[in-house]
Protein chains: 2
Amino acid sequence: MTEILDATDWAILAEVQRDGRIPLTELGRRVNLSASATTERVKRLEAAGVITGYHAAVDLAKVGFPVLAVVRLKYPGSQHQPLHRLLDERFEILECLRTTGDDCYTLKVAAASMPHLEQLVNELARLGSTTTNIVYSQTLPYRGPREPRV
Amino acid sequence: MTEILDATDWAILAEVQRDGRIPLTELGRRVNLSASATTERVKRLEAAGVITGYHAAVDLAKVGFPVLAVVRLKYPGSQHQPLHRLLDERFEILECLRTTGDDCYTLKVAAASMPHLEQLVNELARLGSTTTNIVYSQTLPYRGPREPRV
DNA sequence: AAAGATACCGGCAGATCCACGGCTTATAGC
DNA sequence: GCTATAAGCCGTGGATCTGCCGGTATCTTT
């Protein structure tokens with residue numbers, strides 16, 4: 001892996017990010033490559049760690065978590081174990097980013113109801129001071145990276 | 001669709017969220033179902049919109065975006081078109097949530113370098129006042145929902 | 001008790017994946 | 001200029017998986 005991606009690699013990434021289950025022959029058709037050449041490209045991208053996996057996306061509301069919130073957590077000391085334990089226990093915490101700035105962590109939390117969210121925030125508030133924002137809507141659902149303009 | 005998920009459905013969701021390319025026969029083996037029964041379950045989940053798609057995950061740093069930041073945007077008026085145009089144009093914006101609270105939008109932004117991030121924040125700052133936090137690390141990368149404790 | 005609905009299983013035809021060897025092009029060294 | 005090596009691509013064939021079919025067991029409905 002020359003650590004550089006050409007236009008074909010980016011085209012492959014765009015397709016598999018859009019549809020992770022696209023057959024290799026169809027993928028090859030879209031990027032103008034044979035199926036076997038496409039296979040080699042994909043395997044190389046996987047082996048290099050560029051593609052880290054394939055995952056199904058699940059509608060949170062449809063599985064009983066209609067409430068989504070962003071919680072920022074300001075940590076007084078440097079005790080990280082309690083947070084990690086909470087991440088292990090509370091599956092309602094979907095994502096956790098450690099950031100610069102006044103708030104050390106930014107969390108994405110799913111809840112079944114407002115009381116449920118309140119309870120989750122209470123648990124987080126035992127670790128530090130929290131700031132909670134409810135998500136109205138995903139204006140832009142997560143999308144992966146694209147090829148930069150040249 | 002009875003609009004309710006049983007334990008087997010949740011087991012299927014857990015597996016396909018972990019590995020979106022798992023063959024149906026192997027999936028069936030893991031959830032103690034035949035391949036055809038598994039197929040029907042998965043199709044039902046897809047048709048009901050519970051599973052919204054399958055996507056490859058890409059390592060941002062490996063494709064040239066080592067800098068990740070959370071930008072909160074406070075919007076003075078209610079002009080949403082400029083933001084939507086920016087979302088269409090700037091693929092470096094990976095996600096955008098509209099939230100309650102002082103800051104109307106929370107964005108996740110990927111950049112190739114600090115100057116690049118600065119430029120992106122400058123563009124966002126033309127729309128409103130911004131608060132930017134650089135992401136040190138993904139303490140917990142996004143994980144999907146799990147079955148609630150009963 | 002019979003009819004219907006639901007969920008499951010097994011089997012088969014067709015599609016897909018995967019590993020192999022051969023072909024072409026690019027590069028380096030002599 | 002020529003050869004050796006490597007990288008990338010292609011086509012093929014066997015193994016696997018998927019999609020569709022009918023059949024069975026359980027539960028509900030009438």
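Quick note on labels: first sequence line is chain A, next is B, and so on, each numbered from 1. Everything quoted here is computed from the prediction, not taken from an experiment.
Taking atom OH of A:Tyr54 as the reference point, atom P of C:dC17 lies 11 Å away to the nearest angstrom. With rounding to whole Å, B:Lys43 atom NZ is found 11 Å from D:dT18 atom P. We find that CG of A:Asp6 is positioned 9 Å from P of D:dG8, with the value rounded to whole Å. The distance between atom CZ of B:Arg41 and atom C1' of C:dC8, rounded to the nearest whole Å, is 9 Å. In this structure, the CG atom of A:Leu5 is 16 Å from the C1' atom of D:dG8, given to the nearest Å.
Residues from residues 27-35 of chain B placing a heavy atom under 4.0 Å of any atom in DNA chain C, listed by number, are B:Leu33, B:Ser34. Listed in residue order, the members of residues 10-26 of chain A having a heavy atom less than 4.0 Å from DNA chain D come to none.
Classification of A:Glu15 and A:Arg18 as a salt-bridged pair holds, one side-chain N sitting under 4.0 Å from a carboxylate O.
Bending across the helix from C:dA1-D:dT30 to C:dC30-D:dG1, expressed as the angle between its end axes from five pairs apiece, amounts to 30° (10° rounding).
Listed by first and then second residue, the salt bridge (charged side-chain N to carboxylate O under 4.0 Å, His left out) pairs that reach into residues 63-80 of chain A are A:Arg72-A:Asp103, A:Lys74-A:Asp102, sequence neighbours excluded. For residues 46-65 of chain B, no residue pair satisfies the ring pair (Phe, Tyr, Trp, His ring centres under 6.0 Å) rule, not counting sequence neighbours.
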Quiz: residues 118-127 of chain A side-chain donor-acceptor pairs under 3.5 angstrom, not counting sequence neighbours:
residue: A:Asn122; atom: ND2; partner: A:Glu118; partner atom: O; Å: 3.4
residue: A:Glu123; atom: OE2; partner: A:Arg90; partner atom: NH1; Å: 3.1

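Residues B:Asp6 and B:Arg41 meet the side-chain proximity criterion, which asks for heavy atoms closer than 4.5 Å. Looking at heavy atoms from C-beta onward, B:Thr139 lies in side-chain contact with A:His84 at the 4.5 angstrom threshold.
Using modelled atom types, one side-chain atom of A:Arg21 and one backbone atom of B:Gly20 make a donor-acceptor pair closer than 3.5 Å. Using a distance-only test at 3.5 Å, with no hydrogens or angles considered, a donor-acceptor pair links the side chain of B:Arg143 to the main chain of A:Ile93.
A search for salt bridge (Lys or Arg N to Asp or Glu O under 4.0 Å) contacts involving A:Arg29 returns A:Glu26, not counting sequence neighbours. Checked against salt bridge (Lys or Arg N to Asp or Glu O under 4.0 Å), A:Arg98 has no partners two or more places apart in sequence or in another chain. By the ring-ring contact (aromatic ring centres under 6.0 Å, His included) test, A:Tyr75 pairs with A:His80, A:Tyr105, sequence neighbours left out. With sequence neighbours left out, A:Asp59 forms a side-chain hydrogen bond (donor to acceptor under 3.5 Å, both in side chains) with no residue at all. Under the rule for a side chain to side chain contact (heavy atoms under 4.5 Å, CB included), the partners of A:Gln17 that lie at least two apart in sequence or sit in another chain are A:Leu13, A:Pro145, B:Val58.
In terms of polar N and O atoms assigned as donor or acceptor, the side chain of B:Ser36 comes within less than 3.5 Å of the base of C:dG10 in a complementary pairing.
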Scan nucleotides 26-28 of chain D against the protein and return all N/O pairs shorter than 3.5 Å with their distances rounded to 0.1 Å.
none

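Counting only heavy atoms from C-beta on, A:Ala37 has its side chain closest to D:dC9 among D:dG11, D:dC9, C:dA7.
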